[in-house]
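Note sheet for the following structure.
Numbering starts at 1 and runs along the sequence shown. Keep in mind it's a predicted model, so treat the numbers as computed, not measured.
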Amino acid sequence: MKLLLVEDEELLSKTVAKGLKILGYSVDCAFDGEEALYLYEVNEYDLMILDLNLPKVDGMEVLRRIRSRDDGLKVLILSARNTLEDKVSGLDEGSNDYLTKPFEFKELEARIRSLLRRNFTTGNTVLTCGCLKLDTKRRQVWCREEEVELTRKEFALLEYLFVHAGKMTGAEELIEHAWDSEADLFSNSFRFHIHSLRKKLDAAGAGGYIVTYRGKGYCLQCPEEGS
């Protein structure tokens with residue numbers, strides 16, 4: 001999943017971004033409201049973590065502008081503004097969740113996971129496709145009872161395909177959600193990771209689950225039970 005972290009405190013931004021990347025998320029960082037709106041315009045994100053006390057354009061105004069045209073983007077406000085009025089205002093303006101500073105990273109992680117789960121499941125952290133199971137919390141994959149060891153990038157690609165199981169997903173879309181905006185989209189890294197992911201699934205007994213539409217994209221096809 002690809003996140004946009006909007007935080008003007010550079011040290012905090014770097015710390016949070018590093019922790020999220022270790023968990024396997026792709027993270028772009030914006031340090032003021034103008035940069036946040038620009039990155040939102042040119043990239044596609046699954047979730048935005050939004051501070052309110054921002055230079056140039058206030059975080060609440062950033063939220064208003066986004067919500068005026070986009071109801072789908074998940075927005076988690078992360079702010080030192082901690083009064084009840086602040087929280088009510090943020091939620092009324094369209095944020096999906098509100099976390100006050102100071103905060104524990106584990107709670108931030110849990111809230112992000114909860115918001116992203118709402119895109120494709122109801123509370124359950126384990127997704128199923130045929131003999132495959134993917135745990136979005138533990139970030140583990142099993143084929144039947146055998147764990148499939150994946151790298152962070154391989155997991156990110158498979159997770160996104162799980163979210164859109166049964167639908168063709170373009171290579172560019174997969175790259176945008178598994179790499180940050182500084183990635184070289186013309187490198188061989190994407191093909192290498194797709195090939196490696198396929199090879200591991202084949203070895204585990206889930207061969208053919210990832211279908212290629214030549215020149216168009218990829219699809220995770222889940223066989224019916226018993227097939």
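Proximity of a side-chain donor or acceptor of Lys200 to a complementary backbone N or O of Glu149 within less than 3.5 Å is detected. In this structure, Thr15 contributes its side chain and Leu11 its backbone to a donor-acceptor pair below 3.5 Å. Judged by distance alone, with hydrogens and angles left aside, the side-chain atoms of Tyr209 form a donor-acceptor pair with the main-chain N or O of Cys131 at under 3.5 Å. With Glu154 contributing its side chain and Thr151 its backbone, the two residues share a donor-acceptor pair below 3.5 Å. Arg113 places no side-chain N or O within 3.5 Å of a backbone atom of Thr136 that could act as its donor or acceptor partner. Distance alone, capped at 3.5 Å, is enough to place a donor-acceptor pair between the Ser68 side chain and the Arg65 backbone.
With sequence neighbours left out, the side chain to side chain donor-acceptor pair (under 3.5 Å) criterion links Arg67 to Asn96.
Residues Leu161 and Phe192 do not share a hydrophobic cluster, clusters being chains of Ile/Leu/Val/Met/Phe/Trp/Tyr side chains in contact below 4.5 Å. No single ILVMFWY cluster, assembled from side-chain heavy atoms under 4.5 Å apart, contains both Phe162 and Tyr213. Linking ILVMFWY side-chain heavy atoms closer than 4.5 Å, directly or via other members, places Val211 and Val163 in two distinct hydrophobic clusters. Tracing side-chain contacts under 4.5 Å through hydrophobic residues (I, L, V, M, F, W, Y), one never reaches Phe31 starting from Leu39; they form parts of separate clusters. Placement of Leu91 and Leu84 in two distinct hydrophobic clusters is found when ILVMFWY residues are connected by side-chain heavy-atom separations under 4.5 Å, directly or transitively.
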*After noting the C-alpha distance and the side-chain angles of Ser89 and Arg81, does the key distance pass the side-chain hydrogen bond (donor to acceptor under 3.5 Å, both in side chains) rule?*
CA-CA 11 Å; Ser89 179; Arg81 300 182 192 176; over 6 Å; no
*Go through the steps for Glu7 and Lys101 under the test salt bridge (Lys or Arg N to Asp or Glu O under 4.0 Å), then give the verdict.*
CA-CA 12 Å; Glu7 170 60 61; Lys101 300 176 183 176; 2.7 Å; yes
*How far apart are the C-alpha atoms of Tyr160 and Lys2, what are their side-chain angles, what is the distance that settles it, and do they pass the side-chain contact (heavy atoms from CB on, under 4.5 Å) test?*
CA-CA 10 Å; Tyr160 197 76; Lys2 188 168 184 176; over 6 Å; no
*Which is it for Asp97 and Leu115 under the side-chain contact (heavy atoms from CB on, under 4.5 Å) test, yes or no, and what are the steps along the way?*
CA-CA 8 Å; Asp97 201 353; Leu115 288 176; 4.0 Å; yes
*Any chance you could lay out the side-chain contact (heavy atoms from CB on, under 4.5 Å) test for Ile49 and Leu99, step after step, and finish with the verdict?*
CA-CA 10 Å; Ile49 303 169; Leu99 180 61; over 6 Å; no
*Before giving the answer on side-chain contact (heavy atoms from CB on, under 4.5 Å), spell out for Leu47 and Tyr25 the whole-Å C-alpha distance, their side-chain angles and the decisive distance to 0.1 Å.*
CA-CA 11 Å; Leu47 183 143; Tyr25 295 105; over 6 Å; no
*Check the pair Glu61 / Arg64 against salt bridge (Lys or Arg N to Asp or Glu O under 4.0 Å), numbers first and verdict last.*
CA-CA 5 Å; Glu61 179 61 23; Arg64 291 190 191 100; 3.3 Å; yes
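Within a 6.0 Å radius of CD in Glu41, more than 12 heavy atoms belonging to other residues, nucleotides or ligands are found. Taking a 6.0 Å sphere around CD of Glu147, one finds it holds more than 12 heavy atoms contributed by other residues, nucleotides or ligands.
Between Leu23 and Ile112 the shortest side-chain heavy-atom distance does not fall below 4.5 Å. When side chains are defined from C-beta on, Arg198 counts as touching Thr212, because their heavy atoms get closer than 4.5 Å. When side chains are defined from C-beta on, Phe103 counts as touching Val16, because their heavy atoms get closer than 4.5 Å. Between Leu220 and Cys129 the shortest side-chain heavy-atom distance falls below 4.5 Å. At least one side-chain heavy atom of Tyr40 sits less than 4.5 Å from a side-chain heavy atom of Leu73. Taking the side chain as every heavy atom from C-beta outward, Leu78 and Asp51 never approach each other to under 4.5 Å. Taking 4.5 Å as the limit, some side-chain heavy atom of Leu157 sits within range of a side-chain heavy atom of Leu174.
Distance CH2/Trp142 to OG1/Thr128: 10.0 Å, rounded to 0.5 Å. In this structure, CG on Asp46 lies 11.5 Å from CG on Leu4, to the nearest 0.5 angstrom. Put simply, CD1 on Ile210 and OH on Tyr218 are 9.5 Å apart, with the number rounded to the nearest 0.5 Å. The CG atom of Leu158 lies 11.0 Å from the CZ atom of Arg139; values are rounded to the nearest 0.5 Å. Distance check: Leu150 CG to Ser196 OG gives 8.0 Å after rounding to the nearest 0.5 Å. The CG atom of Leu54 sits 10.5 Å away from atom CD of Glu9, with the distance rounded to the nearest 0.5 Å.
Across every non-hydrogen atom of Phe190 and Ala171, the tightest pair is CE2-CB, 3.7 Å. For the residue pair Val148 and Ala204, the shortest heavy atom distance occurs at CG2-CB, 3.7 Å. What you find for Asp8 and Pro55 is that their closest heavy atoms are CB-CD, 3.7 Å. Closest approach of Val27 to Ala17, counting heavy atoms only: CG1-CB, 4.0 Å. The minimum heavy-atom distance linking Gly207 with Asp202 is given by the pair CA-OD1, 2.9 Å. Nearest heavy-atom pair, Gly19 versus Phe105, reported as atom, atom and distance to 0.1 Å: C-CZ, 3.5 Å.
Screening Leu63, Ile66, Leu3 against Met48 for a side-chain contact (heavy atoms from CB on, under 4.5 Å) leaves a single residue, Ile66.
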